[in-house]
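Structure first, then comments.
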Amino acid sequence: MTTPVLTSIVPDAGPLHSSAYLIRLYLPLKYQSTPPLPLPELHLQSDNEASHCVAVRKFSGFAKDNNIVAEAEKLAISLSRSPWANATAGGGKYAYSIAQYNSPFRIIGRVNEVWVNIAGSETEDCRSTGLEYKFQTSR
């Protein structure tokens with residue numbers, strides 16, 4: 001398994017305008033030239049994410065519905081008090097994403113993050129690191 005496993009919330013994509021989600025698995029740089037082929041029955045597809053800026057809030061424990069929403073709200077409050085208050089990419093594909101870095105079997109010392117895309121990722125305060133990842137997505 002790769003890390004992080006990124007779960008992105010897609011607003012109004014589900015039935016009756018409910019939210020849906022997209023699971024993305026990062027492919028490490030050393031495997032990008034010859035990526036492994038997924039099983040056809042998994043309906044995975046390869047995708048390239050363009051370089052962009054992301055606001056991040058780290059939290060511990062298991063990522064569950066109740067604490068994910070609380071952490072996303074805390075990130076929104078922090079952003080509202082920052083120079084990026086009006087820079088969140090509201091027109092983007094995802095409302096926010098949850099990055100999970102640990103195996104489900106790890107009980108303590110877990111690391112998770114809430115990510116929100118920031119518009120204008122080439123501004124002075126948010127330059128590209130030059131790293132680019134390919135990832136698999138699930139419908």
Side-chain angles (χ1 to χ4, degrees):
M1 189 58 100
T2 65
T3 61
V5 173
L6 197 62
T7 304
S8 297
I9 309 305
V10 185
D12 299 330
L16 302 173
H17 301 288
S18 64
S19 294
Y21 60 92
L22 183 70
I23 306 296
R24 296 182 286 168
L25 306 172
Y26 281 92
L27 190 59
L29 192 58
K30 67 181 182 179
Y31 299 115
Q32 289 183 15
S33 62
T34 55
L37 294 174
L39 296 172
E41 60 268 20
L42 295 177
H43 303 291
L44 297 176
Q45 56 192 7
S46 182
D47 194 6
N48 286 324
E49 178 93 25
S51 179
H52 63 284
C53 185
V54 183
V56 175
R57 179 176 173 84
K58 186 193 242 183
F59 65 100
S60 61
F62 282 90
K64 297 184 178 184
D65 289 344
N66 60 343
N67 64 345
I68 289 171
V69 171
E71 296 297 334
E73 287 173 351
K74 290 175 186 175
L75 178 58
I77 290 168
S78 295
L79 283 171
S80 72
R81 299 175 183 154
S82 77
W84 300 282
N86 297 316
T88 56
K93 296 187 279 188
Y94 317 118
Y96 60 89
S97 299
I98 307 304
Q100 298 178 71
Y101 290 89
N102 303 109
S103 157
F105 302 109
R106 183 170 186 162
I107 305 299
I108 57 174
R110 299 182 59 80
V111 177
N112 307 292
E113 296 171 339
V114 178
W115 293 4
V116 174
N117 290 339
I118 300 293
S121 59
E122 294 304 319
T123 64
E124 191 65 27
D125 293 326
C126 183
R127 292 190 199 144
S128 171
T129 60
L131 297 176
E132 199 168 316
Y133 295 94
K134 288 183 181 177
F135 53 87
Q136 300 290 325
T137 59
S138 174
R139 291 185 231 172

- Just wondering, are more than 12 heavy atoms of other shown residues or ligands nearer than 6.0 Å to CG in Asn66? yes
- Task: Specify the closest pair of heavy atoms between Asn102 and Gly109, including all atoms of both residues, with the distance to one decimal.
- Result: OD1-O, 4.1 Å
- Item | Non-hydrogen atoms of Pro36 and Leu27 that approach each other most closely | CD-CD1, 4.0 Å
- Message: Applying a strict under-4.5 Å side-chain criterion to I, L, V, M, F, W and Y, I'd like to know whether Leu37 and Leu42 cluster together.
- Response: no
- Task: Determine whether more than 12 heavy atoms belonging to other residues, nucleotides or ligands lie under 6.0 Å from atom OH of Tyr31.
- Result: no
- Between Arg24 and Ser97, what is the shortest heavy-atom contact and its length? NH2-OG, 3.5 Å
- Item | Gap separating the CH2 atom of Trp115 from the CD1 atom of Ile9, nearest 0.5 angstrom | 13.5 Å
- Any link between Ile68 and Ile23 through a network of hydrophobic side chains (Ile, Leu, Val, Met, Phe, Trp, Tyr) touching at under 4.5 Å? yes
- Query: Honestly curious: do Val114 and Ile77 fall in one hydrophobic cluster under the side-chain, below-4.5 Å linking rule?
  - Reply: no
- Query: About how many Å separate CD1 of Ile98 and CZ of Phe59, when rounded to the nearest 0.5 Å?
  - Reply: 5.0 Å
- Just one of Glu113, Arg110, Lys58, Arg106 clears the side chain to side chain donor-acceptor pair (under 3.5 Å) bar with Tyr101, so which one? Glu113
- Query: With a 4.5 Å heavy-atom cut-off, do Phe62 and Gln100 have their side chains touching?
  - Reply: no
- Does Gly61 offer a backbone N or O that forms a donor-acceptor pair with the side chain of Asn112 under 3.5 Å? yes
- Query: Which heavy-atom pair separates Leu75 from Ala55 by the least distance, and what is that distance?
  - Reply: CD2-O, 3.8 Å
- Can you tell me how far CD of Glu71 sits from OH of Tyr96, rounded to the nearest 0.5 angstrom? 11.0 Å
